[in-house]
Chemist: 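Right, I'll just put the structure down here and ask away after.
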Amino acid sequence: MTARFYIVGNWKMNQKLEDIDTFFKDLGDLGKERQYEAWLAPQAIHLTTLLEKANAFNIQVGSQNISDNDSGAHTGEISPSSLLDAGGRFTLIGHSERRSIYKESNDFINRKTLLSLEKGLTVIFCCGETLEEREKGMTESVVAYQIEEGLKDIPANLREKVVVAYEPVWAIGTGKTASPEQAEEVHLFIRTKLTDLWDGTLSHKVPLLYGGSVKPANVEGLLVQPNIDGALVGGASLKGADFRALCDAADKRSKLPGQLQG
Ligand code: PGA
């Protein structure tokens with residue numbers, strides 16, 4: 001991955017076709033020569049619509065979830081190869097809503113991650129602690145365990161397709177963002193953890209996104225932190241004008257001197 005900053009919209013189970021039309025009308029032209037990436041993850045039923053529309057905006061499209069199998073008798077699942085075949089480039093894996101509501105285990109998340117990477121998708125691997133875990137001082141141990149288990153056995157040649165999103169569960173959809181300092185502290189910890197796990201290879205290049213009530217009003221303060229390379233955004237990615245404002249902040253940040261990765 002060469003871009004230094006990422007704005008990724010996770011539309012969750014929102015947006016009707018009409019809303020998608022309005023989104024792109026309000027988004028306007030983001031320009032082609034950009035030093036940041038803008039990505040969107042719609043509901044599965046809207047992947048094709050998005051793939052048709054987003055290309056003109058130079059926006060990559062991916063899924064919110066993926067199967068741990070590539071084909072066959074798995075009713076209701078999304079195959080990594082089929083996603084790629086349709087033009088999708090990435091998938092979210094291990095979002096806290098999948099972990100808590102759908103009881104996805106670290107082992108299952110790891111199988112999906114390995115298969116998606118092998119097939120050629122970029123994986124946005126999500127991790128983060130609950131409020132109770134934070135209050136008990138367990139943030140680092142929870143995040144470390146999710147990373148050790150979820151990102152284990154990734155061959156060195158596939159690591160460049162890993163993006164990690166730190167999303168404290170208590171900040172998702174609650175309006176309570178982690179402060180830039182709180183987020184940076186965990187991001188630095190994740191960077192160090194990846195360096196240990198991968199013996200130093202490529203960990204400095206893994207984009208680390210922050211997620212949890214990111215909006216145009218707080219994104220700049222987050223992106224200015226040394227280990228925050230972008231944002232995974234739910235609610236504030238649904239409207240074209242808001243997504244545009246997030247992209248403009250990434251654009252501004254990416255133009256500061258010395259921001260391209262070596
Ligand atoms: P939020 O969601 O921005 O609405 O808090 C973020 C996410 O769940 O990815």
Chemist: Check whether any side-chain heavy atom of Ile190 sits under 4.5 Å from a side-chain heavy atom of Cys127, and report yes or no.
Modeler: yes
Chemist: Do NZ/NE/NH1/NH2 and the carboxylate oxygens of Lys193 and Glu140 come within less than 4.0 Å?
Modeler: no
Chemist: Please work out which of the three classes, parallel, tilted or perpendicular, describes the rings of Phe23 and Phe243, given edges at 30° and 60°.
Modeler: tilted
Chemist: More than 12 heavy atoms of other residues, nucleotides or ligands under 6.0 Å from CD of Glu185: yes or no?
Modeler: no
Chemist: Got a salt bridge between Asp229 and Arg4, using NZ or NE/NH1/NH2 to carboxylate O under 4.0 Å?
Modeler: yes
Chemist: Under the side-chain contact (heavy atoms from CB on, under 4.5 Å) rule, what do Leu208 and Ile228 come out as? Steps first, then yes or no, please.
Modeler: CA-CA 6 Å; Leu208 302 183; Ile228 300 185; over 6 Å; no
Chemist: If hydrophobic clusters are built from ILVMFWY residues whose side chains come within less than 4.5 Å, do Val164 and Leu158 share one?
Modeler: yes
Chemist: Within this structure, what is the CD-CD distance for the pair Gln225 and Glu220, rounded to the nearest 0.5 Å?
Modeler: 13.0 Å
Chemist: Check whether Leu197 and Val186 end up in the same hydrophobic cluster, where Ile, Leu, Val, Met, Phe, Trp and Tyr are linked by side-chain heavy atoms less than 4.5 Å apart.
Modeler: yes
Chemist: Could you report the tightest heavy-atom contact between Phe189 and Ala144, atom names first, then the distance?
Modeler: CZ-CB, 3.8 Å
Chemist: Quick one: CD1 on Ile124 to CD on Glu167, what's the gap to the nearest 0.5 Å?
Modeler: 9.5 Å
Chemist: Side chains of Leu27 and Ile59: does their closest heavy-atom pair fall under 4.5 Å?
Modeler: yes
Chemist: Considering only heavy atoms from C-beta outward, does the side chain of Asn69 approach that of Ser79 to under 4.5 Å?
Modeler: no
Chemist: Which atoms form the tightest heavy-atom contact between Asn110 and Gly150, and what is the distance?
Modeler: ND2-O, 2.9 Å
Chemist: Would you say Asn65 and Glu104 make side-chain contact, with heavy atoms under 4.5 Å?
Modeler: yes
Chemist: Kindly check if the number of other-residue, nucleotide or ligand heavy atoms within 6.0 Å of CD1 (Ile45) is above 12?
Modeler: no
Chemist: Counting N and O atoms only, with roles assigned by atom type, does the side chain of Thr122 sit under 3.5 Å from a partner on the main chain of Phe90, one being a donor and the other an acceptor?
Modeler: no
Chemist: Can we call the ring centroids of Phe24 and Phe57 under 6.0 Å apart?
Modeler: yes
Chemist: Can you hop from Val219 to Leu30 via hydrophobic side chains spaced under 4.5 Å?
Modeler: yes
Chemist: Tell me whether Arg111 contacts the main-chain N or O of Asp68 through its side chain, where contact means a donor paired with an acceptor under 3.5 Å.
Modeler: no
Chemist: Do you know the tightest heavy-atom contact between Lys176 and Ala171?
Modeler: O-CB, 2.8 Å
Chemist: Would you say that Ser179 contacts Gln182 through its side chain, given a criterion of any heavy-atom pair below 4.5 Å between the two side chains?
Modeler: yes
Chemist: Does the side chain of Glu97 come within less than 4.5 Å of Lys12's, by heavy atoms?
Modeler: yes
Chemist: Between Asn14 (side chain) and Leu238 (backbone), is there a donor-acceptor pair under 3.5 Å?
Modeler: no
Chemist: Roughly how far, to the nearest 0.5 Å, is CD1 of Ile101 from CZ of Arg99?
Modeler: 13.5 Å
Chemist: Tell me, yes or no, whether the heavy-atom count around Glu181 atom CD, taken from other residues, nucleotides or ligands under 6.0 Å, exceeds 12.
Modeler: yes
Chemist: Quick one: pull up OH in Tyr6 and CH2 in Trp39 and give me the separation to the nearest 0.5 Å.
Modeler: 5.5 Å
Chemist: What's the separation between atom NZ in Lys136 and atom OG in Ser141, rounded to the nearest 0.5 Å?
Modeler: 10.5 Å
Chemist: Would you mind checking if Arg134 and Glu129 are paired as a salt bridge, meaning a charged N to carboxylate O distance below 4.0 Å?
Modeler: yes
Chemist: Hey, is Arg191 close enough to Asp196 for a salt bridge, meaning N to O under 4.0 Å?
Modeler: no
Chemist: Between Tyr210 and Ala178 (side chain of the first, backbone of the second, donor and acceptor by atom type, cut-off under 3.5 Å), is there such a pair?
Modeler: yes
Chemist: Identify the two heavy atoms, one from Ser63 and one from Ile78, that lie closest to each other, and give their separation to 0.1 Å.
Modeler: CB-CD1, 4.3 Å
Chemist: Evaluate the side-chain proximity of Leu115 to Lys119: yes if any heavy-atom separation is below 4.5 Å, no if none is.
Modeler: yes
Chemist: Of all heavy-atom pairs between Leu232 and Cys126, which one has the smallest distance, and what is that distance?
Modeler: CD2-SG, 4.0 Å
Chemist: Would you find a donor on one side and an acceptor on the other, under 3.5 Å apart, between the side chain of Glu133 and the backbone of Thr130?
Modeler: yes
Chemist: Could you give the distance from CG (Asp19) to NZ (Lys239), rounded to the nearest 0.5 Å?
Modeler: 6.5 Å
Chemist: If you look at every heavy atom in Leu121 and Leu117, which pair is closest and at what distance?
Modeler: O-CD2, 3.6 Å
Chemist: Using atom types as modelled and distance alone, determine if a side-chain donor or acceptor of Ser67 lies under 3.5 Å from a backbone N or O of Asp70.
Modeler: no
Chemist: Could you check whether any side-chain heavy atom of Leu151 comes within less than 4.5 Å of a side-chain heavy atom of Phe125, counting everything from C-beta outward?
Modeler: yes
Chemist: Step by step, work out the side-chain contact (heavy atoms from CB on, under 4.5 Å) result for Ser213 and Thr174.
Modeler: CA-CA 7 Å; Ser213 299; Thr174 58; 4.0 Å; yes
Chemist: Looking only at side-chain N and O atoms, does Lys152 offer a donor or acceptor that is under 3.5 Å from a partner on Asn106?
Modeler: no
Chemist: Indicate, with yes or no, if Ile7 and Val206 share a hydrophobic cluster defined by side-chain heavy-atom contacts under 4.5 Å among Ile, Leu, Val, Met, Phe, Trp and Tyr.
Modeler: yes
Chemist: Has Trp11 got a side-chain atom pairing as donor or acceptor with Ser237's backbone, closer than 3.5 angstrom?
Modeler: yes
Chemist: Hey, is the main chain of Ile147 close enough, under 3.5 Å, to the side chain of Tyr145 for a donor-acceptor pair?
Modeler: no
Chemist: Is the number of heavy atoms from other residues, nucleotides or ligands under 6.0 Å of Asn55 CG greater than 12?
Modeler: no
Chemist: Does one hydrophobic cluster hold both Val8 and Val169, with members joined at side-chain heavy-atom distances below 4.5 Å?
Modeler: no
Chemist: Given 3.5 Å as the limit, does a donor-acceptor pair link the side chain of Gln64 with the main chain of Asn10, or not?
Modeler: no
Chemist: Determine whether a donor-acceptor pair (N or O, by modelled atom type, separation under 3.5 Å) exists between the side chain of Asp26 and the backbone of Ala241.
Modeler: no
Chemist: Would you call Arg244-Asp248 a salt bridge at under 4.0 Å N-O?
Modeler: yes
